[in-house]
Amino acid sequence: MNGHECYIIGAGDFFGLREVPDDSDYVIAADAGYNYCTENCIIPDLVLGDFDSLGTAPKHPNVMQLPIEKDDTDSMFAIKLGLEKGYTRFYLYGGLGGKRPDHTIANLQALLYMLDHGSRGWIFGESYIWTAIENSVLRIEGEGDVSVFCPDGKAEGVSIKGLKYELDSAEITSSFPIGVSNSFKDGQAEISVKNGRLLIMYGIKVNEID
């Protein structure tokens, strides 16, 4: 995971960067995520938000003031902006926890929104990462827990290989959490879905295999 990504730094819990942006990446600070940027010597290309959590618009050469009453969260507005700029890989930090679990749910929904628009996103927590796939395969390696959820309706042809609890062309639904707290058997695993979407959470010691 490197090169030409859009980084979005939100106002939720922040535990440092696992992936570090370079000059080819685009960094957006969403509202109080700007504080994390300044504290960690991250220079955002753009700061946007209604600044309800930051308190006031910061002194930055590129600030986009958003109205308080709007359909999009600050993070979703940042995602839409990144999509307009042509980015297809999004790293979201500060998108989980905090005092607003509703924003956590909104950001998980945003992973599905990115799939709808031909992109993929990763949301980084303290010890885990969230991502989503649709009609495709995710190959991972490492150690730690892995959880797989169907976020909407049903997902057909779900196979899990290389984890302790395997599935073979199963159907899973959004009303029953069958994929919680799985674990690696031999260090590598494959999760696939033929028809539908999956939300996947894996530990920070797990890497995706391209």
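In summary, of the residues considered (His4, Glu5, Glu19), a side-chain hydrogen bond (donor to acceptor under 3.5 Å, both in side chains) with Arg89 occurs for Glu5 alone. Partner of Leu92 under the side-chain contact (heavy atoms from CB on, under 4.5 Å) criterion, out of Ile123, Ile9, Ile129: Ile123 alone.
Remark: Lys185 NZ is packed, more than 12 non-hydrogen atoms of other residues, nucleotides or ligands lying under 6.0 Å away. The number of heavy atoms from other shown groups lying within 6.0 Å of CD1 (Ile178) does not exceed 12. Crowding of Lys194 atom NZ: a count of heavy atoms from other residues, nucleotides or ligands under 6.0 Å not exceeding 12.
The two atoms that bring Gly82 and Cys6 nearest to each other are CA-SG, 4.2 Å, heavy atoms only. The minimum heavy-atom distance between Ala110 and Ile79, with the atom names listed, is CB-CD1, 3.6 Å. Considering every non-hydrogen atom in both Glu134 and Val193, the closest pair reads C-CG1, 4.4 Å. For Gly97 against Thr104, the heavy-atom pair with the smallest separation is N-OG1, 3.0 Å. Across all non-hydrogen atoms, the minimal contact from Val146 to Phe184 is CG2-CE1, 3.7 Å.
In this structure, Val63 belongs to a hydrophobic cluster whose other members, linked by side-chain heavy atoms under 4.5 Å apart, are Tyr34, Val47, Phe51, Leu54. Val137 belongs to no hydrophobic cluster, as no Ile, Leu, Val, Met, Phe, Trp or Tyr side chain comes under 4.5 Å of its own.
A donor-acceptor contact shorter than 3.5 Å links the side chain of Ser147 to the backbone of Ser181. In this structure, the side chain of Asn195 does not engage the main chain of Glu156 through any donor-acceptor pair within 3.5 Å. Checking side-chain atoms of Ser75 against main-chain N and O of Thr73 turns up no donor-acceptor pair under 3.5 Å. Checking side-chain atoms of Asn182 against main-chain N and O of Tyr165 turns up a donor-acceptor pair under 3.5 Å. With hydrogens and angles ignored, the 3.5 Å screen pairs a side-chain donor or acceptor of Asp22 with a backbone N or O of Ser24.
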Tell me, with the steps shown, if Ile43 and Val27 meet side chain to side chain contact (heavy atoms under 4.5 Å, CB included).
CA-CA 8 Å; Ile43 301 175; Val27 180; over 6 Å; no

Between Asp145 and Lys205, does a salt bridge (charged side-chain N to carboxylate O under 4.0 Å, His left out) hold up when you go through it step by step?
CA-CA 10 Å; Asp145 290 341; Lys205 294 183 179 180; over 6 Å; no

List the steps, then state whether side chain to side chain contact (heavy atoms under 4.5 Å, CB included) holds for Leu115 with Arg197.
CA-CA 9 Å; Leu115 288 180; Arg197 301 191 287 191; 3.9 Å; yes

Can you list the steps and then say if Cys37 with Asn35 is a side chain to side chain contact (heavy atoms under 4.5 Å, CB included)?
CA-CA 5 Å; Cys37 290; Asn35 286 336; over 6 Å; no

Take Val158 and Glu171, measure what side chain to side chain contact (heavy atoms under 4.5 Å, CB included) needs, and give me the verdict at the end.
CA-CA 6 Å; Val158 177; Glu171 177 181 293; over 6 Å; no

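Ion pairing between a basic and an acidic side chain is recognised when a charged N comes within 4.0 Å of a carboxylate O; Arg120 and Glu208 show such pairing. With salt bridges taken as basic N to acidic carboxylate O contacts below 4.0 Å, one links Arg139 and Glu190.
Counting only heavy atoms from C-beta outward, the side chains of Tyr128 and Val206 never approach each other to under 4.5 Å. Looking at heavy atoms from C-beta onward, Ile140 lies out of side-chain contact with Asn207 at the 4.5 angstrom threshold.
Between atom NE2 of residue His117 and atom OG1 of residue Thr88 there is a gap of 14.0 Å, rounded to the nearest 0.5 Å. Rounded to the nearest 0.5 Å, atoms CD1 (Ile133) and CG (Leu198) are 5.0 Å apart. Distance CG/Leu163 to OG/Ser183: 7.0 Å, rounded to 0.5 Å. Atom OG of residue Ser119 and atom OH of residue Tyr87 lie 13.0 Å apart, to the nearest 0.5 angstrom. Between the NE2 atom of His103 and the CG atom of Asp74 there is a distance of 7.5 Å, given to the nearest 0.5 Å. Taking OH of Tyr36 as the reference point, atom CG of Leu17 lies at 12.0 Å (rounded to 0.5 Å).
Ser174 and Asp152 form no side-chain donor-acceptor contact under 3.5 Å, judged by distance and modelled atom types alone. Between the side chains of Ser175 and Thr173, a donor-acceptor pair is found at a separation under 3.5 Å.
Residues in residues 140-160 take part in these ring pair (Phe, Tyr, Trp, His ring centres under 6.0 Å) pairs, two or more places apart or across chains: Trp130-Phe149. Identified under the ring pair (Phe, Tyr, Trp, His ring centres under 6.0 Å) test for residues 64-84, with sequence neighbours left out: none.
Under the 4.5 Å side-chain heavy-atom criterion for Ile, Leu, Val, Met, Phe, Trp and Tyr, Tyr113 and Ile28 are members of the same hydrophobic cluster. The cluster map of Ile, Leu, Val, Met, Phe, Trp and Tyr, joined by side-chain heavy atoms under 4.5 Å apart, puts Phe15 and Ile42 in different clusters. Under the 4.5 Å side-chain heavy-atom criterion for grouping Ile, Leu, Val, Met, Phe, Trp and Tyr, Ile172 is connected to Phe176 within one hydrophobic cluster. Ile209 and Ile160 are assigned to two separate hydrophobic clusters, defined by single-linkage of ILVMFWY side chains at heavy-atom distances under 4.5 Å.
Both tests pass for Lys85 against the ring of Tyr26: distance under 6.0 Å to the centre and angle within 45° of the axis.
Ring planes of Tyr91 and Trp122: perpendicular class, angle over 60° (limits at 30 and 60°).
In terms of the salt bridge (charged side-chain N to carboxylate O under 4.0 Å, His left out) criterion, Asp45 has no residue partners (sequence neighbours excluded). Here Asp186 pairs with nothing under the side chain to side chain donor-acceptor pair (under 3.5 Å) rule; sequence neighbours left out.
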